[in-house]
Amino acid sequence: MANDIVNVEPDDSLKTWGWISYILHLIVAIGAVLPGAQASVALLLLALLIDFIKRDDAAGTWQATHFSWRIRSVLWAGLLYILTSWLWLLFLVPGWIAWSLISLWFLYRIVKGMIRMNGSRPMEPKDVI
C-alpha cells in the first residue's frame with residue numbers, strides 16, 4: 001500500500017484563475033504601452049488580489065510560480081514607477097522614456113508568463129524575480 005501511485009487530478013480552476021489574472025494584467029500592460037489606451041488601476045488591483053488569494057491554493061504546483069511571477073511583476077513595476085516619478089516633475093522626456101521602458105518590461109513579463117502557462121510550464125526559478 002505504501003508504494004501505490006496516487007493520481008492527483010490537476011486543478012483546472014487554478015489555471016482558469018491564472019488566465020483571468022494574466023488577461024487582466026495584459027489589458028493593463030497594453031494600456032500602459034499604448035498612448036490613449038489607459039486601463040483602469042482597478043483592473044490591476046483586481047488581478048493582484050486574485051493572485052494573492054489564489055497563491056496559497058497553488059502552493060506545491062507548477063502554477064504557484066506563475067502567481068509569484070505576476071505578483072513580483074506588479075510590485076517591481078510599481079516600485080520602479082515610484083522611483084522614476086520625480087523625472088516627470090523635472091523633465092518630461094526622461095520621465096516618458098523611463099515609464100515607457102518600465103511599461104515595456106512589464107508587458108514582456110506578462111507575455112512571457114502567458115506563453116509558459118499556455119505550455120503548462122512553470123516559471124523557471126531563475127526567472128522568478
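All values reported here derive from a predicted model rather than from experimental measurement.
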For the [atom1] atom of [X] and the [atom2] atom of [Y], what is their distance to the nearest 0.5 Å?
X	Y	atom1	atom2	value
R70	R109	CZ	CZ	11.5 Å
I102	L79	CD1	CG	9.0 Å
L14	W62	CG	CH2	9.0 Å
L75	L80	CG	CG	11.0 Å
F106	L26	CZ	CG	9.0 Å
T84	I97	OG1	CD1	12.0 Å

As a quick check of understanding, evaluate side-chain hydrogen bond (donor to acceptor under 3.5 Å, both in side chains) for S13 and K54, giving each step before the final call. CA-CA 10 Å; S13 71; K54 290 298 191 177; 5.4 Å; no

Minimum heavy-atom separation for A64 and G60, please, with both atom names. CB-N, 4.4 Å

Using every non-hydrogen atom in the two residues, find where K15 and S120 come nearest and quote the distance to one decimal. NZ-OG, 2.8 Å

Passes side-chain contact (heavy atoms from CB on, under 4.5 Å), W69 versus K112? Steps please. CA-CA 10 Å; W69 177 260; K112 181 177 181 176; 4.1 Å; yes

Under the side-chain hydrogen bond (donor to acceptor under 3.5 Å, both in side chains) definition, can you give me all pairs with a residue in residues 22-31, not counting sequence neighbours?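 Of all non-adjacent pairs touching residues 22-31, those that pass side-chain hydrogen bond (donor to acceptor under 3.5 Å, both in side chains) are S21-H25, Y22-H66.
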
Do side-chain atoms of S68 reach the backbone of T65 as a donor and acceptor pair under 3.5 angstrom? no

Among the clusters formed by ILVMFWY side chains lying less than 4.5 Å apart, do [X] and [Y] turn up in the same one?
X	Y	result
I53	F67	no
W19	I115	yes
L87	I82	no
F52	L45	no
L49	I71	no

Those residues that, when tested against Y81, pass ring pair (Phe, Tyr, Trp, His ring centres under 6.0 Å) (two or more places apart):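 With sequence neighbours excluded, Y81 shows a ring pair (Phe, Tyr, Trp, His ring centres under 6.0 Å) to W99, given in chain and number order.
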
D51 versus W17: any side-chain heavy-atom pair under 4.5 Å? no

Return each pair, listed once, that meets salt bridge (charged side-chain N to carboxylate O under 4.0 Å, His left out) where at least one residue sits in residues 92-104; pairs must be two or more places apart or across chains. none

